[in-house]
**Q** 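Quick one: structure below, then a few questions.
In listed order, ligands and their atoms are each counted from 1.
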Amino acid sequence: MKGIYTALLCSFDEQGNVNEKGLREIVRFNIDEQKVDGLYVNGSTGENFLITTEAKKRIFEIVKDEAGNQVKLIAQIGSLNIDEAVDLAKFATDLKYDAISAVTPFYYKFDFEEIKDYYETLVDSVENNLIIYSIPALTGVNMSLGQIGELLNHDKIIGVKFTAPDFFLLERLRHAFPNKLIYSGFDEMLLPASVLNIDGAIGSTFNVNGKRAREIFELAQSGSLTEALAVQKTTNDLITAILDNGLYQTIKEMLKVKGVDAGYCRRPMKQLSPEKIARAQEISAKYI
Ligand code: MN9
């Protein structure tokens with residue numbers, strides 16, 4: 001389960017429905033062109049928190065059907081509705097997803113006992129392993145080393161997607177849990193995370209920059225830090241340009257330049273203006 005995983009975008013039509021043909025093309029582009037090791041399905045990048053349960057299931061089905069066993073598949077099933085999360089965990093497990101992952105429950109200020117109950121309920125509901133999805137900047141949920149450790153002590157909780165700029169905590173986690181999977185979640189910080197011996201990375205920008213991400217990760221592992229930094233610098237020029245123009249919308253427009261029908265983002269995410277579409281096309285021409 002180690003390696004470079006794309007946080008998969010989903011293609012939606014202008015009405016916000018899943019565009020199956022476009023989603024299949026995004027899967028193919030990631031496997032065939034970006035050569036990633038796996039796909040993280042229905043995460044933030046997949047606009048998971050904006051769609052119905054039915055759409056989430058359809059996306060799990062389409063991605064599994066298109067990817068088969070060519071790459072590893074992780075299903076993000078976390079939800080504030082714990083019954084929905086259990087239902088999705090079973091659904092993805094039946095489809096033979098390699099692991100499930102769940103975002104920390106957010107919005108209400110759950111205490112750790114509640115967070116632990118949520119994870120145990122999810123992982124005990126299926127014959128599958130679970131990866132914690134920690135993204136404090138979006139959820140407001142900050143767990144300590146001891147708390148993450150308490151979750152990781154469960155046999156079937158096999159790792160964490162660590163999307164936080166806290167390298168002290170990341171190093172302590174790595175040290176404390178040499179046999180658990182730690183994935184870096186901020187693409188712009190892949191090099192420093194790789195230096196700390198992470199097992200892989202999961203990122204939105206890998207939809208268009210997966211090859212450079214792999215270079216950074218592998219160069220760091222082999223100790224070629226100067227070379228790795230040069231690739232991270234180019235990557236960060238690209239990420240800066242993407243973030244300035246609108247994250248998911250810009251990645252979708254970049255994919256369209258490559259012939260991938262990446263579609264639209266769902267409301268309330270806005271559409272790009274014609275000027276921003278032109279800018280996304282320039283970014284695509286420059287970096288992919
Ligand atoms: O899955 C992604 N997080 C979000 C990880 O989209 C919220 C990252 O890949 C970021 O999009 C990326 C840009 O900041 O690092």
**Q** Quick one: nearest non-hydrogen protein atom to atom 11 (O) of ligand 1, plus distance?
**A**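 Sorting protein heavy atoms by distance from atom 11 (O) of ligand 1 puts Ser204 OG, 2.7 Å first.
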**Q** Give the residue, atom name and distance (to 0.1 Å) of the protein heavy atom nearest atom 4 (C) of ligand 1.
**A**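 Nearest neighbour among protein heavy atoms for atom 4 (C) of ligand 1, to 0.1 Å: Tyr248 OH, 3.4 Å.
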**Q** Give a yes/no verdict on whether any heavy atom in Ile135 is under 4.0 Å from an atom of ligand 1.
**A**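 Yes; Ile135 lies near enough to ligand 1 that a heavy-atom distance drops under 4.0 Å.
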**Q** Ring centroids only, cut at 6.0 angstrom: are Tyr97 and Phe60 within range, meaning strictly under it?
**A**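 Centroid distance Tyr97-Phe60: below 6.0 Å, so yes.
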**Q** Can you sort out which atoms of ligand 1 are near Leu247, meaning under 4.0 Å from one of its heavy atoms?
**A**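 In order of numbering, the contacting atoms are 6 (O), 11 (O).
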**Q** Indicate whether the side chain of Gln15 and that of Arg267 have a donor and an acceptor atom separated by less than 3.5 Å.
**A**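 Checked: Gln15/Arg267 side chains show no N/O donor-acceptor pair below 3.5 Å.
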**Q** Using a strict 4.0 Å threshold on nitrogen-to-oxygen distance, state whether Lys211 and Glu33 make a salt bridge.
**A**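 Glu33 and Lys211: not salt-bridged.
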**Q** Where the side chain of Ser224 meets the backbone of Ala220, is there a donor-acceptor pair that is under 3.5 Å apart?
**A**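 Not at all, since once roles are kept as given, no pair shorter than 3.5 Å links the two residues.
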**Q** Tell me whether ligand 1 is touched by Lys161 - counting only heavy atoms on the residue side and a distance under 4.0 Å.
**A**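 It does, in that a heavy atom of Lys161 comes within the 4.0 Å cut-off of ligand 1.
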**Q** Looking only at non-hydrogen atoms, which of Ser184, Gly203, Gly185 approaches atom 8 (C) of ligand 1 most closely?
**A**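 Checking each option, the heavy atom nearest atom 8 (C) of ligand 1 is found in Gly185.
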**Q** Does the distance from a Lys or Arg side-chain N to an Asp or Glu carboxylate O, for Asp37 and Arg214, drop under 4.0 Å?
**A**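 Counted as a salt bridge, because a side-chain N and a carboxylate O are separated by less than 4.0 Å.
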**Q** Distance under 4.0 Å to a non-hydrogen atom of Glu188: what atoms of ligand 1 satisfy this?
**A**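 Answer for ligand 1: 12 (C), 13 (C), 14 (O), 15 (O).
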